[in-house]
Amino acid sequence: MSNIRVRFAPSPTGPLHIGGVRTALYNYLFAKKMGGTFILRIEDTDQGRYVAGAEDYIIDSLKWFGLLPTEGPGIGGEHGPYRQSERKAMYGQYALQLVENGKAYFAFDTPEELDAKRQSEREKGNHNFRYDNVTRNEMKNSLTLSKEEVSRRLENGDAYTIRLNVPKDETVTFTDLVRGEVSFQTNELDDKVLLKADGMPTYHLANIVDDHLMEISHVIRGEEWLPSTAHHILLYQSFGWEDTRPQFAHLPLILKPVGNGKLSKRDGAKFNMPVFPLKWDAEKEEESFLGFREFGFIPAAAINFLAFLGWNPGTEQEIFSLDELCEAFSIENIGKSGARFDYDKAKWFNQQYIQATETKALGKMAMPFIAEKGFGTSEAYIASVCDLMRDRAVLLTDFAETGAYFFEEVQNYDDQNIVKRWDDDTKAAFNKTIDLVANMPEFDADSLESTIKSFIKDNGLKMGKIFPLIRIALAGTMKGPDVFKMIALLGRPGTIGRLRKAVEYFDTV
RNA sequence: GGCCCGUUCGUCUAGGGGUUAGGACGCCGCCCUUUCACGGCGGAAACACGGGUUCAAUUCCCGUACGGGCUACCA
């Protein structure tokens, strides 16, 4: 029985975008489904692109979604360290091993020389120069230089990289779990740099070495890696690790809501929607982002939405808890084509979750947004407001926004609808209603409803004229939940106060 | 440009050689209703195109078009 071990291996180059979260999610789901292990590995081999705080951000994001790894930096595990920068020492040995068995070679060409070469090729009309099994013959490397010259350069401390010695005239074929059989001609492949001049490995080397050492069984990653998978297969062959080579599954990309290309961080501002899990503060305003959390998403809802971007259970069920997702997940049901990011659908999922969340928990979820507005009240009251408003809420921010009147005085009255109804008769009825409410023996929604309704009926008044005015008096707007429930929640003093204040205001409209 | 991957309603997708091509979001209409919602019911809406293979193709094959990705001493 083989052990299922998968990893999520992001680079800490900035805030983790939502596509990365989905990759993490699919890895997590697969691991849980198979009773395997989900590992987090930080691929920080490019010190030039390292961004402080990015690693914490990745972990915080996974934590928020509930996608906790069982092995990783700060978590531990038997295959650590889980940060590639801390594994630096070992990669060079592996690269050297490849040089020794002829699967790789030293290359002394400097970046400047390479640039010059590309430039001169361009001038000759060749727009795609690559360092491959043909062009390497005219470059400076241990395949073209004499043994003595190579030793001399090495001893001299000349800068060098180690490149993969891609064989000629071969076909590399592998079975991708999502796409089926995929093959590449080695003559189309370049001799990828394995070890950089600074001694750090490139993604390709570090990835293969670590996946091997960490006993990864399945590599589930974005489609952008599909073209380089041929190199990775070659690397497994070169190391003699074919028997334990992981299986590959390349995920379709997440595309922009409209237009061409994949979803980018700029789309967040463009479409006023989140493309990151959590907020990210950068020095520059345009580099700072709000996340799904700040937009008012429930993490489980965001997860549910993300899971369905490129995967489906094969049934008509759409609402899945994380546990249900783990149970239902299978790689076979992952789609092949890119999926557009549909923000309306994301909001719909969140709405479904808001409706299904138990009242007390919903109150807790809405709490931060209510506190942010400076509305200080009790947990119980917030929960009651949330329960009353839940049918009208799509995002967690809605409670504090469209339900603001539950926490503060009415800020604006709907004048148009006041004018249509406010006259001497209604004013008289309105005032009598205030007395009625003030003297209610019971103050629950049902008693209020029957008492006020029968009063209106007995006096030959129109409900369509009085109720909207009461509503506006309490909330300022025509929109909102049942008036009697609002009255009950606002309480007697609160209701009477608003009603009295409204009478004064209505006269001025 | 080269290589690789893909293509079912506007969007996410189910399906698969013979189906009224199913669901969801969004949109429209009706119902419920003191408002707005929620909910219920209904509607418009898709197999990119051209060739094969086949009794039969949306489904299989090949092209084309379109879309996407890769093409760094970045991941």
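Order of the sequence lines sets the chain letters (A, B, ...), proteins ahead of strands, with each chain counted from 1.
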Sorted by chain and residue number, the side chain to side chain donor-acceptor pair (under 3.5 Å) partners of A:Gln352 (sequence neighbours excluded) come out as none

Exercise. With heavy atoms under 4.0 Å as the rule, sort A:Gly310 into base, sugar-phosphate or nothing.
Key: sugar-phosphate

pair_partner(B:rG6), Watson-Crick or wobble, both distances < 3.5 Å, evaluates to B:rC66

Across all chains, not counting sequence neighbours, the salt bridge (Lys or Arg N to Asp or Glu O under 4.0 Å) partners of A:Arg49 are A:Asp46

Whether each nucleotide of nucleotides 44-50 of chain B has a protein heavy atom under 4.0 Å at its base (B), only at its sugar-phosphate (S) or at neither (-) is summarised, 5' to 3', as -------

Scoring nucleotides 64-75 of chain B by protein non-hydrogen atoms under 4.0 Å (B base, S sugar-phosphate only, - none) yields ---SSBS--BBB

Residues at least two apart in sequence or cross-chain that pass side chain to side chain contact (heavy atoms under 4.5 Å, CB included) with A:Lys103, listed by chain then number, are A:Leu98, A:Asn101, A:Ser238

Residues at least two apart in sequence or cross-chain that pass ring pair (Phe, Tyr, Trp, His ring centres under 6.0 Å) with A:Phe276, listed by chain then number, are A:Phe289

A:Thr359 meets the side chain to side chain contact (heavy atoms under 4.5 Å, CB included) criterion, sequence neighbours left out, with A:Ala383, A:Asp387, A:Arg390

Residues of residues 470-480 of chain A with a heavy atom under 4.0 Å from any atom of RNA chain B, listed by number, are A:Arg471, A:Met478, A:Lys479, A:Gly480

Residue set satisfying ring pair (Phe, Tyr, Trp, His ring centres under 6.0 Å) with A:Phe106, at least two apart, ordered chain then number -> A:Tyr160

Are there any protein N/O atoms within less than 3.5 Å of an N/O atom in nucleotides 24-26 of chain B, and if so, which ones and at what distance?
residue, atom, partner, partner atom, Å
B:rA24, O4', A:Glu318, OE2, 2.9
B:rA24, O2', A:Glu318, OE2, 2.4
B:rA24, O2', A:Lys345, NZ, 3.1
B:rA24, N3, A:Lys345, NZ, 3.1
B:rC25, OP1, A:Trp348, NE1, 3.3
B:rC25, O2', A:Lys345, N, 3.4

Which atom pairs, one a donor and one an acceptor, fall under 3.5 Å between side chains of residues 469-484 of chain A and the rest of the protein, sequence neighbours left out?
residue, atom, partner, partner atom, Å
A:Arg471, NE, A:Met478, O, 3.4
A:Arg471, NH1, A:Gly480, O, 3.3
A:Arg471, NH1, A:Pro481, O, 2.8
A:Arg471, NH2, A:Pro481, O, 3.2
A:Thr477, OG1, A:Lys479, N, 3.0
A:Asp482, OD2, A:Phe484, N, 3.0
A:Asp482, OD2, A:Lys485, N, 2.9

With sequence neighbours left out, the residues meeting side chain to side chain contact (heavy atoms under 4.5 Å, CB included) with A:Glu327 are A:Lys33

